[in-house]
Structures are given as C-alpha cells and as structure tokens.
Amino acid sequence: MPGAPLPTVISANAISRRVRELGAEISTAYADREPVLALVLHGAFIFAADLARALTTAHQVESLALASYDGRESSGEVQVIKDLGCDISGRDVLIVEDIVDTGRTVSAALELLEYRGPRSIEVVTLLDKPSRRVVDVTPRWVGFEIEDIFVVGYGLDLDGRYRGLPYIANADALDLNGAP
Ligand code: 5GP
C-alpha cells in the first residue's frame, strides 16, 4: 500500500463484529429459504465474501456490475456492465452493496431485478451515507452509517486502488489518482 497509513474510520475488528451480527440477523430472516445474494461488483466483493461465511442458511452467490462513478463523483447515469447468471423469478434476492451514497446505483439494481419477478428483494449495505441521498431508497440492513466523507478499503476503491485495505479509511486527503 503506497504512502503513510490512511486515517481509520472503521477498524477491521469492528467490521468483523458487525458482519457477524448482520449474518445472524439475515440468517434468521431467511430461515427455510435459499436467497440469491446479488453482490454488486467490485466494491462489495470482500463484504459479500465475509457475509456469506457468516450466514448459517443455504444461499446462492451471484454478481452483477453497474457503473455510475468516475473518480469521486457519481455521473448520475447507471450502466449494467455485467448481469446476474441465474433466473431470479420467484426467488428471494438480497442485493449486497458496499455503500449507498446518492442511492442511484442501488435503486437502478432494484429496478432491474424487480422487473424479473423475484418473490422478495431486499438490500444489505456495509456502509450508508444517508446525508448524500438523491434517490429515496432505504436498505433493510446497514452495517454502519457514515458521514459525507470519501472512504476506501475493505473492497472500496479510489480509481482501482486501496480495495485490499482490511479497514475502512478516510480518503478525503488523497488526490483523484489515489496518491497522498
Ligand atoms: P450511489 O449510486 O449510491 O451514489 O453510489 C454507489 C456506488 O458509488 C458505490 O457502490 C461505490 O462504488 C461508489 N461510492 C459512493 N461513495 C463512495 C465512497 O465513499 N468511497 C468509495 N470508494 N466509493 C463510493
């Protein structure tokens, strides 16, 4: 990892405790069902991997990729880059997001998947920035609410860097190329 350590916003220990709690709550909610975890690439890949291992109920893992960001700013338009690999009609779907910011990405994912007739569809996000919301969307499960700061780590990047940090860090001090 380049440069000095970035300021910690949420420690690796706090994340792992919270992911275990979410795993227990979600397992209870989906007891006797087999939800499809629709993980939104790339940011949610580490959260989804840990969450899947915290679930005690059967589940299927699928992924989709949407694009809305260029550097730190949302472009306002969401494109489907990669779709799910299974039919979700009649299935229980849980969208797994890294962060809900303006809400555009997750509401585009909801719209795309709802159209296919799932039995139920819910959202779990590791991070939520409610103060930035532009589209009215409320995830059913939220790991942590954070302020309006740009964060990296635990799957979240700045132009492709920092996803491997084991904690959530404040990246407001970095320039747009992710350099200190
Ligand atoms: P939204 O469409 O809700 O504005 O943004 C959702 C997507 O924007 C997330 O999946 C994530 O990729 C990106 N994003 C929003 N806020 C942050 C942030 O603080 N840090 C990083 N790394 N990505 C963010």
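For ligands, and for the atoms within them, numbers begin at 1 and follow the listed sequence. Just so you know, residue 1 is the first one in the sequence shown, and it goes up from there.
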Q. Is there at least one pair of N or O atoms, one from Gly103 and one from ligand 1, spaced under 3.5 Å apart?
A. yes
**Q.** Shortest reach to atom 21 (C) of ligand 1 by a heavy atom, considering only Asp98, Val135, Asn170, Val151
**A.** Val151
Q.
Under the criterion side-chain contact (heavy atoms from CB on, under 4.5 Å), I'd like the reasoning laid out for Val106 against Thr125: C-alpha separation, chi angles, the key distance, then a yes or no.
A. CA-CA 10 Å; Val106 79; Thr125 185; over 6 Å; no
Q.
Side chains of Asp50 and Tyr154: any donor to acceptor distance under 3.5 Å?
A. yes
Q | Val100-ligand 1 polar pair, N/O distance under 3.5 Å | A | no
Q: Give the C-alpha distance, both sets of side-chain angles, the deciding distance and a yes or no for salt bridge (Lys or Arg N to Asp or Glu O under 4.0 Å) between Arg163 and Asp98.
A: CA-CA 11 Å; Arg163 290 194 197 277; Asp98 53 352; 5.6 Å; no
Q. Is the backbone of Ala67 close enough, under 3.5 Å, to the side chain of Gln79 for a donor and an acceptor to pair up by distance?
A. no
Q: Could you see which bit of Ile149 sits under 4.0 Å from ligand 1, with heavy atoms only: side chain, backbone, both or neither?
A: backbone
Q) Should one rank Asp101, Asp159, Ile99 by closest heavy-atom distance to atom 24 (C) of ligand 1, which comes out on top? A) Ile99
Q | Residues Arg133 and Asp128 bridged, charged N to O under 4.0 Å | A | yes
**Q.** ligand 1-proximal atoms of Lys129, by part, heavy-atom distance under 4.0 Å
**A.** side chain
**Q.** Full working for side-chain contact (heavy atoms from CB on, under 4.5 Å) between Leu126 and Ile168
**A.** CA-CA 10 Å; Leu126 178 70; Ile168 300 289; 4.2 Å; yes
Q. Does Leu158 come within less than 4.0 angstrom of ligand 1, counting non-hydrogen atoms of the residue?
A. no
Q: Report yes or no: does a heavy atom of Val106 sit under 4.0 Å from some atom of ligand 1?
A: no
Q) Among side-chain atoms of Asp87 and Ser89, is any donor-acceptor pair under 3.5 angstrom? A) yes
Q: State the atoms of ligand 1, each with its element, that fall below the 4.0 Å cut-off from a heavy-atom position in Asp157.
A: 21 (C), 22 (N)
